Amino acid sequence: VADSSLAAFIRTIEQSLQYCDVVERIARQLPSFLVNRDLLLPQYREAASDRYRQHILHVDSNGRFSIVALVWKPGQATAIHDHVAWCVVGVYEGEEHETRYAIADDREGACRVRPIAVRSYRTCDVAWFVPQRPNIHRVENSGESLAISIHVYGTDIAKAGNSIRQVYEELPSAVPVRGER
Ligand SMILES: [Fe+2]
């Protein structure tokens, strides 16, 4: 059952690729797959003890998109990062907490950022990003149970290893942000 559920999701994405609003289309359709408790085989729900774990579920044969499951134990988090490609994310299980950032200091390539917004996502909540817009963020499992999210990236994840374009450092809060008084 799990394979056919995933296959249906893959077909839906393939059909969406011909439209210029591909990201919004996938974001609209993702919740109907997130409610399906058979979407993920048991081996794709396994966590790691030291950091969040990535399972690659599918890579398009032409490299146009990839689907991964990220599995997080409570407290596990990403670095502050942005993405090389468009991305649609939906929570399959548990709760995820996102902090979004803006660049606060880019002198000498420091690329330091400061938080500008926070948001929590529960099961079936969806978010999306396109790389042309600022999309720097950090994601954490803020709940007390396992969290699993399904990510569709507009790139070949198997080649790159992940979709992270760059990692950023948070500006210490005591340091005044350039341009602010
Ligand atoms: Fe991300």
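In listed order, ligands and their atoms are each counted from 1. In this text, all values refer to a predicted model and were calculated from it rather than measured experimentally. Side chains included, hydrogens not; waters and symmetry mates left out as well; all remaining heavy atoms used. If you read the sequence from its start, that first residue is 1, and numbering goes on from there.
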Can you confirm if the NZ or CZ of Arg114 lies within 45° of the ring axis of Tyr168 and under 6.0 Å from the centre of its six-membered ring? no
Joining Ile, Leu, Val, Met, Phe, Trp and Tyr whenever any side-chain heavy atoms lie under 4.5 Å apart, the cluster holding Val167 also takes in Tyr52, Ile56, Val59, Val68, Leu70, Trp72, Val139, Tyr153, Ile157, Ile164
Arg122 atom CZ: more than 12 heavy-atom contacts under 6.0 Å: no
Salt bridge (charged side-chain N to carboxylate O under 4.0 Å, His left out) pairs, two or more places apart, involving residues 24-34: Asp21-Arg25
Residue-atom pairs from the protein, N, O or S only, that lie under 2.8 Å from the Fe ion (ligand 1): His81 NE2, His83 NE2, His137 NE2
Side-chain heavy atoms of His58 within contact of Phe65, under 4.5 Å: yes
Contacts of type salt bridge (Lys or Arg N to Asp or Glu O under 4.0 Å), residue Asp60, not counting sequence neighbours: Arg64
